[in-house]
J.: 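Would you mind keeping the following structure in view while I ask a few things?
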Amino acid sequence: MKYTETKLSGCFILEPAVFEDERGYFFESYNENKLAEILGHNPHFVQDNQSKSQFGVVRGLHMQAGDHAQAKLVRVLEGSVLDVAVDVRPNSPTYGQHVAVELSAENKKQLFVPRGFLHGFSVLSEQAVFSYKCDNNYNKEAEDGVHPLDPQLAIDWRIPVHRMILSQKDKEAQNFTALYNKLK
Ligand SMILES: Cc1cn([C@H]2C[C@H](O)[C@@H](COP(=O)(O)OP(=O)(O)O[C@H]3O[C@@H](C)C(=O)[C@@H](O)[C@H]3O)O2)c(=O)[nH]c1=O
């Protein structure tokens, strides 16, 4: 497995070794020991999620607060997405910075998003099936987020604004300053 730490400490791009032969391919989509070696700690994943979305969908930016914070190991089973992680760890030197990585069924890349990050993705292909592991359970009351088009974050989702499809919750999400004031 190849891996690269992004400019945001603890946030890693993983590239599993893919074995191809006349039947197709094989790869380890998750290996606890290898991941623990890369991260230097062993996240205990307790929930797997899967969603399907059409072109232009932007899901995010989401997080769960406090004791309900979640680290996520994310990948794409069908299509391609631009996956975005924003560092909102209060004392982090890269606070407010983000990384954006194209994840696809084709490139089989994964992103490990630590606790204390906002996370979201946009769908670049006609459809995309997105899959992720979480190290803490879903808790509706602990959900928090920031509008994906927040001007301070200035994320290029690589989708024309008039084609973006957002949930009602995401359309109504607070701005980055409001989250900052809550977390500080
Ligand atoms: C996230 C989640 C949602 N749900 C329910 C609540 C709601 O009725 C329905 C759809 O939820 P949402 O609109 O929040 O789904 P979605 O916008 O896909 O939310 C997800 O976005 C990505 C970017 C993330 O990082 C995830 O952690 C999660 O926040 O599914 C669960 O039952 N369990 C869960 O873990």
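Here the structure is a predicted model, which is why all the values come from computation and not from measurement. In each ligand, atom 1 is the first atom listed, and ligand 1 is the first ligand listed.
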J.: Hey, are Glu102 and Lys109 close enough for a salt bridge, meaning a charged N less than 4.0 Å from a carboxylate O?
T.: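 Looking at Glu102 and Lys109, the cut-off is not met.
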
J.: Tell me whether Asp21 is salt-bridged to Arg23, with the criterion being a basic N under 4.0 Å from an acidic carboxylate O.
T.: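 Salt bridge between Asp21 and Arg23, a charged N being under 4.0 Å from a carboxylate O: yes.
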
J.: One thing to verify: whether Asp170 and Arg59 come together as a salt bridge, which I'm taking to mean a side-chain N less than 4.0 angstrom from a carboxylate O.
T.: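 So Arg59 does not pair with Asp170 through a salt bridge.
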
J.: Any idea which atoms of ligand 1 are less than 4.0 Å away from a heavy-atom of Glu143?
T.: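 Those qualifying, in numeric order: 14 (O).
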
J.: Less than 3.5 Å between some nitrogen or oxygen of Arg59 and one of ligand 1, yes or no?
T.: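 Yes, Arg59 has an N/O under 3.5 Å of an N/O on ligand 1.
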
J.: Any side-chain to backbone donor/acceptor pair from Asn136 onto Asp67? Under 3.5 Å, distance only.
T.: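 Side chain of Asn136 to backbone of Asp67: a pair is present.
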
J.: Side chains of Val58 and Phe121: does their closest heavy-atom pair fall under 4.5 Å?
T.: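 Result no, sub-4.5 Å side-chain heavy-atom pair not found.
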
J.: Mind checking whether Lys140 contacts ligand 1 via backbone (N, CA, C, O), side chain (CB onward), both or neither, at a 4.0 Å heavy-atom cut-off?
T.: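 Answer for Lys140: neither.
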
J.: How close does the nearest protein non-hydrogen atom get to atom 6 (C) of ligand 1, and which residue and atom is it?
T.: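 Going atom by atom, the protein heavy atom closest to atom 6 (C) of ligand 1 ends up being Tyr138 OH, 3.4 Å.
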
J.: State whether the side chain of Gln70 and the backbone N or O of Gln64 hold a donor-acceptor pair below 3.5 Å, judged by distance alone.
T.: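 A pair under 3.5 Å: no.
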
J.: Is Ser51 in polar range of ligand 1, meaning some N or O pair under 3.5 Å apart?
T.: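 No; the residue has no nitrogen or oxygen that sits under 3.5 Å from a nitrogen or oxygen of the ligand.
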
J.: Among all protein non-hydrogen atoms, which one is nearest to atom 14 (O) of ligand 1, and what is the separation to 0.1 Å?
T.: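 Looking only at protein heavy atoms, the one closest to atom 14 (O) of ligand 1 is Lys169 NZ, 2.6 Å.
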
J.: Suppose I only count heavy atoms of Gly120 and a 4.0 Å limit; which atoms of ligand 1 are within that range?
T.: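 Listed by number with element, the hits are 23 (C).
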
J.: What protein heavy atom lies closest to atom 28 (C) of ligand 1? Include the residue and the distance to one decimal.
T.: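 The protein heavy atom lying closest is Tyr132 OH, 3.4 Å.
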
J.: Nearest protein heavy atom to atom 11 (O) of ligand 1: under 4.0 Å?
T.: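 It does not: no protein heavy atom is found less than 4.0 Å away from atom 11 (O) of ligand 1.
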
J.: Are the side chain of Thr6 and the backbone of Phe12 linked by a donor-acceptor contact shorter than 3.5 Å?
T.: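 Such a contact is absent between Thr6 side chain and Phe12 backbone.
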
J.: Hey, which atoms in ligand 1 end up nearer than 4.0 Å to a heavy atom of Gln47?
T.: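 Atoms satisfying the 4.0 Å criterion: 34 (C), 35 (O).
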
J.: For ligand 1, is any non-hydrogen atom under 4.0 Å from Gln64's backbone (N, CA, C, O), its side chain (CB onward), both, or neither?
T.: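 Near ligand 1, Gln64 shows nothing, with every heavy atom at 4.0 Å or more.
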
J.: What orientation do Tyr95 and Tyr180 show, parallel under 30°, tilted 30 to 60°, or perpendicular over 60°?
T.: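 The arrangement is perpendicular - the two ring planes meet at more than 60°.
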
J.: Return a yes/no value: protein heavy atom under 4.0 Å from atom 26 (C) of ligand 1?
T.: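 Given the 4.0 Å limit, the answer for atom 26 (C) of ligand 1 is yes, a protein heavy atom qualifies.
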
J.: With sequence neighbours left out, what residues match Gln50 under side-chain contact (heavy atoms from CB on, under 4.5 Å)?
T.: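 Per chain and number, Gln50 pairs via side-chain contact (heavy atoms from CB on, under 4.5 Å) with Leu77, Val129.
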
J.: Could you tell me whether atom 8 (O) of ligand 1 has a protein heavy atom closer than 4.0 Å?
T.: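 Under 4.0 Å from atom 8 (O) of ligand 1, zero protein heavy atoms found.
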
J.: Yes or no, since that's all I need: does a protein heavy atom fall within a distance strictly under 4.0 Å of atom 2 (C) of ligand 1?
T.: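 When distances to the protein are checked, atom 2 (C) of ligand 1 has a heavy atom within 4.0 Å.
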
J.: Any protein heavy atom sitting closer than 4.0 Å to atom 30 (O) of ligand 1?
T.: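 So far as the 4.0 Å threshold goes, atom 30 (O) of ligand 1 is out of reach of every protein heavy atom.
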
J.: Kindly assign one of parallel, tilted or perpendicular to the pair Tyr30 and Phe45, based on the angle between their ring planes and the thresholds 30° and 60°.
T.: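 Aromatic pair Tyr30/Phe45 classed perpendicular.
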
J.: Please state which option from Gln70, His62, Gln50 has its nearest heavy atom closest to atom 17 (O) of ligand 1.
T.: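 Going through Gln70, His62, Gln50 one by one, His62 has the nearest heavy atom to atom 17 (O) of ligand 1.
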
J.: Is it the case that the side chain of Asn107 and the backbone of Ser104 share a donor-acceptor pair, with hydrogens and angles ignored and the cut-off at 3.5 Å?
T.: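 Yes; judged by distance alone, with no hydrogens or angles, the pair exists.
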
J.: If you measure every N/O of His119 against every N/O of ligand 1, is any gap under 3.5 Å?
T.: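 Right, the criterion is met.
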
